[in-house]
Amino acid sequence: MPSFRPSSSRQRAKRRARRARNSSSAIAAAALTAVLALTATACGPSDNEGGSDPSASANQGSDDLALPSDLNNKLKDLGLDLDKWKDGAWKDFDKEWLREAGDFINPIIEDLWDSDRMKDAEEPDQPVEDDIAGDQNVTDPEPQPVDAQQVKTPYSANVPEAGKVFFDGPDGSMVCSATVVKDPANPGKSNMLWTAGHCVHAGKGGGWYRNVMFVPSYNDSGLSTAELENASKEEIAPKGLWWAEWAQTSDQWIKQGAKVGGQGAPYDFAVLKVKPEDGSDKSLEETIGGALPVEFNAPAVKSIEDMTATGYPAAPPFDGQSMHQCTDKPGRLSLDTAQPTMYRVGCRMTAGSSGGGWVAKGQDGQPALVSNTSIGPANGTWLAGPHLGEEAKGVYNAVSKKFANR
């Protein structure tokens, strides 16, 4: 679904020019990641503890890789003819590349995500609950819709942990939402994010997305779409750009995840380890002034007074440029009696809010991240998110441990 934007002829022409330029950047990025995939086997294996840790060899020692001398010939060996890309055939290749590249490979490409490219990124297809017969013994009545409220500005002073994720998929540049969470291995200096699995991996039959980048407090001052036309990168990303150095999601999402029907949704979560584009030594947590703990043993639904879901909804009637929240008492949603029951709240946020954190009081009574936006119905009246149990804890701990010394 396209994002809503004013549609004057001048603005349409500007967007067409930006998309043409952005396509060239995406092609260059795809070529680089394809070559890195070719050379990944020269690197040593990584540890695998908890959740899915897809063949991390592509990240281990990638700074020392020697690229093939004849890039064009190497790509042609894979059936990729760069000469054809200028005619638009690269998009068909991108779909194939997404499926076949098994490792998460995400080198920093400086200035790829400029202010125009960020503004033009669209929402991905949010997994949709589609004709699912829930077990009424564990599924509560559908909640009343709750209107999403725009967060007070500056966002960095009110919800500093929240931000926007940008990435490239086969259909172009897309967006999700994410939350900065604490890192047990690096207290006070976390570079870890929580988001949805479908914001980093396409699910069953798919692969890892590329050029994954996080902007904390995106559009901090809440500028309008018109005002953003002339906004600088500093206005859009006051806390900098943070590239995903690693991404990890659940085995269940990778094997079962789908855009419709709710398949894999109870395990639709992911953890990212990020680093700054500018090479700063300051951590993300230090930069924004905080990070949320993650609660893997949240109270029963009946004991939760309310949950607050935060995100950047991008599908109509929203445009993806403003941070919004919904607060509601959660109910339960069961998609499969053999899988964990999900949380569900009334909320009119749309696609683009996917991956955004759900915050409630944890067992200690303090605010904690207890879920993330995963699925919603086509009419956009509610959202559902996974209950974070042992699988989620395994993914979280594995990422923390992997980067414990750096």
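Predicted model, so just to flag it, every value in this text is computed and none were measured. Numbers for residues simply follow the sequence, beginning at 1.
Taken to the nearest 0.5 Å, the NZ atom of Lys255 stands 5.0 Å off from the CG atom of Asp251. With values rounded to the nearest 0.5 angstrom, Leu383 atom CG is found 5.5 Å from Met349 atom CE. Atom-to-atom distance recorded for Ile288:CD1 and Ser156:OG is 9.5 Å, nearest 0.5 angstrom. The SG atom of Cys199 sits 9.5 Å away from atom CE of Met174, with the distance rounded to the nearest 0.5 Å. With rounding to the nearest 0.5 Å, the separation of CD in Gln252 from NZ in Lys204 is 14.0 Å. Here the OG1 atom belonging to Thr249 is positioned 6.5 Å from the CG atom belonging to Asp268, to the nearest 0.5 angstrom.
Counting only residues at least two apart or on different chains, no salt bridge (charged side-chain N to carboxylate O under 4.0 Å, His left out) pair has a member in residues 292-314. For residues 188-197, every residue pair satisfying the side chain to side chain donor-acceptor pair (under 3.5 Å) rule, not counting sequence neighbours, is listed here: Trp194-Asn372.
Donor-acceptor pairing under 3.5 Å is recorded for the side chains of Gln325 and Thr310. Side chains of Tyr396 and Glu391: no donor on one and acceptor on the other come within 3.5 Å. Checked by atom type, the side-chain pair Trp243/Glu245 shows no donor-acceptor distance below 3.5 Å. Between the side chains of Tyr267 and Gln339, no donor-acceptor pair is found at a separation under 3.5 Å. Using modelled atom types, one finds a donor on one side chain and an acceptor on the other under 3.5 Å when comparing Thr381 with Asn379. There is a side-chain donor-acceptor pair under 3.5 Å between Thr327 and Thr308.
Nearest heavy-atom pair, Pro313 versus Ser322, reported as atom, atom and distance to 0.1 Å: CD-O, 4.0 Å. Closest heavy-atom contact between Thr350 and Pro317: CG2-CD, 4.4 Å. Nearest approach of Leu333 to Ala384, heavy atoms of both residues: CD2-CB, 3.8 Å. Listed here is the closest heavy atom pair of Gln263 and Trp253: O-CZ3, 3.6 Å. Between Val215 and Ala237, the shortest heavy-atom contact is CG1-CB, 3.5 Å. Across Met323 and Ala162, no two heavy atoms sit closer than the pair CE-CB, 3.8 Å.
Trp208 is listed as a side-chain neighbour of Val200, based on a closest heavy-atom distance under 4.5 Å. At a threshold of 4.5 Å between non-hydrogen side-chain atoms, the residues Val165 and Ser177 do not count as touching. Counting heavy atoms from C-beta outward, Cys347 and Trp382 have side chains that stay 4.5 Å or more apart. At a threshold of 4.5 Å between non-hydrogen side-chain atoms, the residues Leu241 and Lys233 count as touching. Using a 4.5 Å cut-off on side-chain heavy atoms (C-beta onward), Val395 and Phe269 make contact. Residues Val359 and Val370 fail the side-chain proximity criterion, which asks for heavy atoms closer than 4.5 Å. Looking at heavy atoms from C-beta onward, Ile375 lies in side-chain contact with Leu335 at the 4.5 angstrom threshold. Contact check for Pro216 versus Trp242: side-chain heavy atoms found under the 4.5 Å cut-off.
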Full working for side chain to side chain contact (heavy atoms under 4.5 Å, CB included) between Leu388 and Leu369: CA-CA 9 Å; Leu388 305 182; Leu369 185 140; 3.8 Å; yes

Residues Leu193, Leu284; criterion side chain to side chain contact (heavy atoms under 4.5 Å, CB included); working and verdict: CA-CA 10 Å; Leu193 304 176; Leu284 178 55; 3.6 Å; yes

ring-ring contact (aromatic ring centres under 6.0 Å, His included) between Phe166 and Tyr209, worked out: CA-CA 10 Å; Phe166 298 84; Tyr209 295 134; over 10 Å; no

Working for side chain to side chain contact (heavy atoms under 4.5 Å, CB included), residues Tyr312 and Gln321: CA-CA 7 Å; Tyr312 282 83; Gln321 308 306 325; over 6 Å; no

Criterion side chain to side chain contact (heavy atoms under 4.5 Å, CB included) on Phe296 and Val294, from CA distance to verdict: CA-CA 6 Å; Phe296 296 105; Val294 183; 3.4 Å; yes

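Heavy atoms of other residues, nucleotides or ligands lying less than 6.0 angstrom from CG of Asp364 number more than 12.
Residues passing the side-chain hydrogen bond (donor to acceptor under 3.5 Å, both in side chains) test with Glu227, sequence neighbours excluded: Ser224. By the salt bridge (charged side-chain N to carboxylate O under 4.0 Å, His left out) test, Lys182 pairs with Glu285, sequence neighbours left out. For Asn219, there are no side-chain hydrogen bond (donor to acceptor under 3.5 Å, both in side chains) partners at least two apart in sequence or on another chain. Qualifying salt bridge (charged side-chain N to carboxylate O under 4.0 Å, His left out) partners for Lys164, counting only residues two or more places apart in sequence or in other chains: none.
Listed for the Ser353 side chain is no donor-acceptor partner under 3.5 Å among the backbone atoms of Gly311. With hydrogens and angles disregarded, a donor-acceptor distance shorter than 3.5 Å links the side chain of Asp140 to the backbone of Arg332. Listed for the Lys329 side chain is a donor-acceptor partner under 3.5 Å among the backbone atoms of Ile304. Judged by distance alone, the side chain of Glu235 and the main-chain N or O of Ser232 form a donor-acceptor pair under 3.5 Å. No side-chain donor-acceptor contact under 3.5 Å links Arg344 to the backbone of Met342. Judged purely by atom type and a 3.5 angstrom limit, Asp168 has no side-chain atom pairing as donor or acceptor with the backbone of Asn211. Here the side chain of Ser354 pairs no donor or acceptor atom with the backbone of Cys176 at under 3.5 angstrom. At distances below 3.5 Å, not a single donor-acceptor pair connects side-chain atoms of Ser400 with backbone N or O atoms of Asp183. The backbone N or O of Lys282 lies less than 3.5 Å from a partner atom in the side chain of Ser280, making a donor-acceptor pair.
Trp246 carries Lys402 over the face of its six-membered ring, with the cationic atom under 6.0 Å from the centre and within 45° of the normal.
Here the two rings, on Phe214 and Phe167, have centers that are 6.0 Å apart or farther.
The aromatic rings of His324 and Phe318 sit perpendicular, their planes meeting at an angle over 60°, well past the 30° parallel limit. By the 30° and 60° cut-offs, the orientation of the rings of Trp358 relative to Tyr343 is tilted.
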